[in-house]
Amino acid sequence: QVQLVESGGGLVQAGGSLRLACAASLGTLSRRAMGWFRQAPGKERAFVAAITWSGGVKTYAESVKGRFTISRDSTKNTVYLQMDSLKPEDTAVYYCAASPWDTAGSSPTQYNYWGQGTQVTVSS
């Protein structure tokens, strides 16, 4: 059993930055790949970024490449999403997810534990 808690969301102007964190309040993230997804109003949940247990493999959606950076601190059982050069179209609820495998996949079906989400709003 793994419980995930996201933090760091908020309101920011276009061009600004935010850093999201996802901590395991119960269980461990050991040997699990982790992912970030987002869901805008009226849209399906979309992949943002993923990282393997070692951090050696990172994958990104094309829309965030060069602007977002995923990382993890295994000693703190925490995964981060650094978001720079934010755009209004990045506005969404952001979710972190834990996979039962060590594969940085882009499909929500590859993840079996989810956080409650944190709102990110980017104003123009």
Inset, instruction - Write down the atom of Thr91, the atom of Val122, and the distance for their closest heavy-atom approach. - result: OG1-N, 2.9 Å
Inset, instruction - Show your reasoning for whether side chain to side chain contact (heavy atoms under 4.5 Å, CB included) applies to Ser124 and Glu89. - result: CA-CA 10 Å; Ser124 56; Glu89 50 263 45; over 6 Å; no
Legend entry - salt bridge (Lys or Arg N to Asp or Glu O under 4.0 Å): pairs with one or both residues in residues 67-83, sequence neighbours excluded: Arg67-Asp90
Inset, instruction - Please check if Ile70 and Tyr113 belong to a single hydrophobic cluster, counting links between Ile, Leu, Val, Met, Phe, Trp and Tyr side chain heavy atoms closer than 4.5 Å. - result: yes
Legend entry - Beyond-backbone contact of Trp114 with Pro108, side-chain heavy atoms, under 4.5 angstrom: yes
Legend entry - Heavy-atom closest pair, residues Glu62 and Lys65: OE2-NZ, 2.8 Å
Inset, instruction - Find out if a path of hydrophobic residues (ILVMFWY) with successive side-chain heavy-atom gaps under 4.5 Å connects Phe47 to Val120. - result: no
Inset, instruction - Taking all non-hydrogen atoms of both residues into account, name the closest pair between Ser17 and Ser85 and its distance. - result: OG-N, 4.4 Å
Inset, instruction - Would you name the heavy atoms of Ser106 and Phe37 that are closest together and state the gap between them? - result: O-CE2, 3.6 Å
N/O donor to acceptor pairs below 3.5 angstrom from side-chain atoms of residues 19-34, sequence neighbours left out:
from: Thr28; atom 1: OG1; to: Ser30; atom 2: N; distance (Å): 3.0
from: Arg32; atom 1: NH1; to: Ser99; atom 2: O; distance (Å): 3.2

Inset, instruction - Tell me whether Leu86 is reachable from Trp36 by hopping between hydrophobic residues (I, L, V, M, F, W, Y) whose side-chain heavy atoms are closer than 4.5 Å. - result: yes
Legend entry - pair Thr118-Tyr95: side-chain heavy atoms closer than 4.5 Å: no
Legend entry - Intermediate values then yes/no, side-chain hydrogen bond (donor to acceptor under 3.5 Å, both in side chains), Thr52 and Asp102: CA-CA 6 Å; Thr52 53; Asp102 192 17; 4.6 Å; no
Legend entry - Cluster overlap Tyr80 with Tyr94, hydrophobic side-chain contacts below 4.5 Å: no
Would you list the atom pairs, donor with acceptor, under 3.5 Å between side chains in residues 1-14 and any protein atom, with sequence neighbours excluded?
from: Glu6; atom 1: OE1; to: Gln116; atom 2: N; distance (Å): 3.0
from: Glu6; atom 1: OE1; to: Gln116; atom 2: NE2; distance (Å): 3.4
from: Glu6; atom 1: OE1; to: Gly117; atom 2: N; distance (Å): 2.9
from: Glu6; atom 1: OE2; to: Cys96; atom 2: N; distance (Å): 2.9
from: Glu6; atom 1: OE2; to: Gly117; atom 2: N; distance (Å): 3.3

Inset, instruction - Give a yes or no on whether Val48 and Val93 share a hydrophobic cluster (residues Ile, Leu, Val, Met, Phe, Trp, Tyr; joining criterion: side-chain heavy atoms under 4.5 Å apart). - result: no
